[in-house]
Student: 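Here's a structure for you.
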Amino acid sequence: MSDVKRKPAIDLHDSWLRHLKPEFEQTYMVSLRQFLRDQKQKGKQIYPAGNHIFTAMNTTTLEQVKVVILGQDPYHGPGQAHGLSFSVLPGVPIPPSLRNMYKELQTDLDIAPASHGYLLPWAEQGVLLLNSVLTVEAHKAGSHQGKGWERFTDAVIKVLNEQGEPKVFMLWGSYAQKKGAVIDRNRHEVLQAPHPSPLSAHRGFFGCRHFSQANACLQHWGRAPIEWQL
């Protein structure tokens, strides 16, 4: 038998991997993997757990994507991040930005706020809940920015822009809007508003009606709308 070590399989759904596999061979991704290994060897707590890093794309395959909600970083508190932007696991307190999203849903579609922050049902219907940076050190917001994840998720957005059916992109806040600048507005619907954070939601996120607009676009394209009720 050969004693050559096999590289571990990439835990990413084939629909994405067929387009993104070259990214995993790039120097930046090799450096990113080494950075994450080094952090773990130093005893740093990294969120989300390794098997949840690609949850967004493993839950919502490329062909399923109808709506993209672009976040920035995973939550950095214990038990919060699980690989879907803005979402937390059942039993975890609902973060302030998500509370504001629920308020807008109630105004927009008369949907009562959910008692939890678990957005998996959205992801299963075709809402890609993608963060720009996919890992973070516990209790250190933004600690893994500039390590390579942004380049990887730029490649994800490029795939979304070029492949499959038209999609609705919800870009909340200047960070998401800058990252989404490459999206072809002639092909896709791009909805922009301030971030739902308590610091900015009152500057135009409330009243943006993005949830109903997204469903109107999907129906115009002959695609099933999202059931936003959780």
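This chain uses plain numbering: 1 for the first residue, then up along the sequence. This one's a predicted model, so the numbers in the text were calculated from it and none came from an experiment.
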Student: Under the side-chain contact (heavy atoms from CB on, under 4.5 Å) rule, collect the residues that match up with Ala216, sequence neighbours excluded.
Tutor: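 Here no residue qualifies.
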Student: Please say yes or no: joined through hydrophobic side-chain contacts below 4.5 Å, possibly via intermediate residues, are Leu84 and Val133 part of one cluster?
Tutor: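 No, Leu84 and Val133 fall in different hydrophobic clusters.
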Student: Applying side-chain hydrogen bond (donor to acceptor under 3.5 Å, both in side chains) as the test, list every pair that has at least one member in residues 56-66; sequence neighbours left out.
Tutor: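 Residue pairs with at least one partner in residues 56-66: Arg18-Glu63, Thr61-Gln64.
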Student: Taking it one step at a time, do Gln192 and Phe169 satisfy side-chain contact (heavy atoms from CB on, under 4.5 Å)?
Tutor: CA-CA 8 Å; Gln192 298 190 164; Phe169 289 82; over 6 Å; no
Student: Do you reckon Tyr28 sits in the same ILVMFWY cluster as Leu17, going by side-chain contacts under 4.5 Å, direct or chained?
Tutor: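 Shared cluster, yes.
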Student: For Lys158, I'd like to know if atom NZ has over 12 heavy atoms of other residues, nucleotides or ligands within 6.0 Å.
Tutor: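 Atom NZ in Lys158 is not packed in, count stays at 12 or less.
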Student: Closer than 3.5 angstrom, by distance alone: can the side chain of Arg187 be matched with the main-chain N or O of Arg185 as a donor-acceptor pair?
Tutor: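 The answer is no, because no donor-acceptor pair under 3.5 Å joins these two groups.
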Student: Do you know the tightest heavy-atom contact between Pro74 and Ala81?
Tutor: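 In this case the closest contact between Pro74 and Ala81 is CB-CB, 3.8 Å.
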Student: Which atoms form the tightest heavy-atom contact between Arg223 and Pro166, and what is the distance?
Tutor: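 For Arg223 and Pro166, the tightest heavy-atom pair comes out as NH1-O, 3.1 Å.
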Student: Do any N or O atoms from the side chain of Asn161 and from the backbone of Asp184 form a donor-acceptor pair under 3.5 angstrom?
Tutor: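 Side chain of Asn161 to backbone of Asp184: a pair is present.
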Student: Following the transitive rule for hydrophobic clusters with a side-chain heavy-atom cut-off under 4.5 Å over Ile, Leu, Val, Met, Phe, Trp and Tyr, establish whether Val136 and Val92 coincide in one cluster.
Tutor: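 Different clusters: Val136 never reaches Val92 through Ile, Leu, Val, Met, Phe, Trp or Tyr contacts under 4.5 Å.
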Student: Distance-only, no hydrogens or angles: does the Asn100 side chain make a donor-acceptor pair with backbone N or O of Ala201 under 3.5 Å?
Tutor: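 The answer is no, because no donor-acceptor pair under 3.5 Å joins these two groups.
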Student: So, do Trp16 and Ile10 sit near enough that their side-chain heavy atoms are less than 4.5 Å apart?
Tutor: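 The answer is no, as the side chains (C-beta and beyond) never meet within the 4.5 Å cut-off.
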Student: What residue pairs, at least two apart or across chains, pass side-chain hydrogen bond (donor to acceptor under 3.5 Å, both in side chains) with a residue in residues 81-96?
Tutor: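 Residue pairs passing side-chain hydrogen bond (donor to acceptor under 3.5 Å, both in side chains), neighbours aside: His82-Ser87.
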Student: Mind checking the CD-SG spacing from Gln213 to Cys208? Nearest 0.5 Å is all I need.
Tutor: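 One finds 7.5 Å between CD of Gln213 and SG of Cys208.
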Student: May I ask you to decide if Gly77's main-chain N or O and Gln80's side chain share a donor-acceptor pair within less than 3.5 Å?
Tutor: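 Side chain of Gln80 to backbone of Gly77: a pair is present.
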Student: Looking at CG of Leu134 and NE2 of His144, how far apart are the two atoms once the value is rounded to the nearest 0.5 Å?
Tutor: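 Atom-to-atom, Leu134:CG and His144:NE2 are 11.5 Å apart.
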Student: Using the side-chain hydrogen bond (donor to acceptor under 3.5 Å, both in side chains) criterion, which residues pair with Trp172? Sequence neighbours excluded.
Tutor: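 For Trp172 the side-chain hydrogen bond (donor to acceptor under 3.5 Å, both in side chains) partners, ignoring immediate neighbours, are His210.
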Student: With a 4.5 Å cut-off on side-chain heavy atoms, are Glu162 and His19 touching?
Tutor: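 No; the side chains remain at least 4.5 Å from each other.
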Student: Between the side chain of Gln106 and the main-chain N/O of Tyr102, is any donor-acceptor distance below 3.5 Å?
Tutor: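 No, Gln106 side chain to Tyr102 backbone: no donor-acceptor pair under 3.5 Å.
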Student: Tell me every residue that passes ring-ring contact (aromatic ring centres under 6.0 Å, His included) with His76, counting only those two or more places apart in sequence or in another chain.
Tutor: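 None.
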Student: Tell me if a side-chain donor or acceptor on His188 pairs with a main-chain N or O of Lys167 at a distance below 3.5 Å.
Tutor: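 Checked: pair present.
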Student: Would you list the pairs meeting salt bridge (charged side-chain N to carboxylate O under 4.0 Å, His left out) in which at least one residue belongs to residues 204-217, sequence neighbours left out?
Tutor: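 Listed once each, the pairs are Asp108-Arg209.
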Student: Test side-chain contact (heavy atoms from CB on, under 4.5 Å) on Leu171 and Leu191; report intermediate values, then the result.
Tutor: CA-CA 6 Å; Leu171 305 180; Leu191 304 176; over 6 Å; no
Student: Is the backbone N or O of Glu227 less than 3.5 Å from a side-chain atom of Gln125, with the two atoms forming a donor-acceptor pair by type?
Tutor: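 Yes.
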Student: Would you please name every residue forming a salt bridge (charged side-chain N to carboxylate O under 4.0 Å, His left out) with Lys140, sequence neighbours left out?
Tutor: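 For Lys140, the residues satisfying salt bridge (charged side-chain N to carboxylate O under 4.0 Å, His left out) (neighbours in sequence not counted) are Glu137.
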Student: Drop me the distance from Leu109's CG to Asn215's CG, to the nearest 0.5 angstrom.
Tutor: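 It comes to 6.5 Å.
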Student: Only counting residues at least two apart or in another chain, list the ones meeting side-chain contact (heavy atoms from CB on, under 4.5 Å) with Pro96.
Tutor: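 Residues passing side-chain contact (heavy atoms from CB on, under 4.5 Å) with Pro96: Pro198.
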Student: Show every side-chain hydrogen bond (donor to acceptor under 3.5 Å, both in side chains) that has at least one partner inside residues 174-183, sequence neighbours left out.
Tutor: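 The answer is Ser132-Tyr175, Ser132-Lys179, Thr153-Lys179, Asp154-Lys179.
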Student: Please say whether more than 12 non-hydrogen atoms of neighbouring residues, nucleotides or ligands are located less than 6.0 Å from CZ in Arg37.
Tutor: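 Yes, because the 6.0 Å sphere around CZ of Arg37 holds more than 12 heavy atoms from other groups.
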Student: Considering only heavy atoms from C-beta outward, does the side chain of His220 approach that of Glu189 to under 4.5 Å?
Tutor: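 In short, these two side chains do not touch, never coming nearer than 4.5 Å.
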Student: State yes or no: do Met29 and Phe35 share one hydrophobic cluster built from I, L, V, M, F, W and Y residues joined by side-chain heavy-atom distances below 4.5 Å, directly or via other members?
Tutor: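 The answer is yes; both residues are in one hydrophobic cluster.
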Student: Would you say Ser200's side chain and His195's backbone share a donor-acceptor pair under 3.5 angstrom?
Tutor: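 Checking the backbone N and O of His195 against the side chain of Ser200, a donor-acceptor pair under 3.5 Å is found.
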Student: Test side-chain contact (heavy atoms from CB on, under 4.5 Å) on Thr107 and Phe211 and set out the steps.
Tutor: CA-CA 10 Å; Thr107 301; Phe211 299 101; over 6 Å; no
Student: Are Leu32 and Trp149 side-chain neighbours, meaning at least one heavy-atom pair lies under 4.5 Å?
Tutor: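 The answer is yes; the side chains approach within 4.5 Å.
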Student: Identify the heavy atoms of Leu129 and Ala56 that sit nearest to each other, and give their distance.
Tutor: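 The pair with the smallest heavy-atom distance is O-CB, 3.3 Å.
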Student: Quick one: does Val30's side chain get under 4.5 Å of Gln34's, heavy atoms only?
Tutor: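 Val30 vs Gln34: side chains apart.
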Student: Linking I/L/V/M/F/W/Y whenever any side-chain heavy atoms sit under 4.5 Å apart, do Val190 and Ile226 land together?
Tutor: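 No, no single cluster joins them.
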Student: Taking the six-membered ring where the residue is Trp, are the ring centres of Phe86 and Tyr75 under 6.0 Å apart?
Tutor: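 Ring-ring flag for Phe86/Tyr75: false, centres at least 6.0 Å apart.
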Student: Please list every donor-acceptor pair under 3.5 Å in which a side-chain atom of residues 110-122 meets a protein atom from a residue at least two apart or in another chain.
Tutor:
| unit_1 | atom_1 | unit_2 | atom_2 | d |
| --- | --- | --- | --- | --- |
| His116 | ND1 | Tyr118 | N | 3.0 |
| Trp122 | NE1 | Trp228 | O | 3.0 |

Student: What is the distance from atom CD1 of Ile69 to atom CE of Met170, rounded to the nearest 0.5 Å?
Tutor: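 Atom-to-atom, Ile69:CD1 and Met170:CE are 5.0 Å apart.
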Student: For the residue pair Leu218 and Val67, establish whether any side-chain heavy-atom pair is separated by less than 4.5 Å.
Tutor: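 The answer is yes, as the side chains (C-beta and beyond) meet within the 4.5 Å cut-off.
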Student: Just grab all the salt bridge (charged side-chain N to carboxylate O under 4.0 Å, His left out) pairs involving residues 91-104, residues at least two apart or on different chains.
Tutor: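 Every candidate salt bridge (charged side-chain N to carboxylate O under 4.0 Å, His left out) pair involving residues 91-104 fails, so no pair, neighbours aside, qualifies.
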Student: Nearest 0.5 angstrom please: Leu12 CG to Phe54 CZ, how far?
Tutor: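 Result: 6.0 Å between the selected atoms.
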Student: State the CD-CG distance between Gln41 and Leu36, to the nearest 0.5 angstrom.
Tutor: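 So the gap between those two atoms works out to 11.0 Å.
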Student: Any salt bridge (charged side-chain N to carboxylate O under 4.0 Å, His left out) pairs touching residues 67-86, not counting sequence neighbours?
Tutor: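 As it turns out, there is no salt bridge (charged side-chain N to carboxylate O under 4.0 Å, His left out) pair with a partner in residues 67-86 once direct neighbours are skipped.
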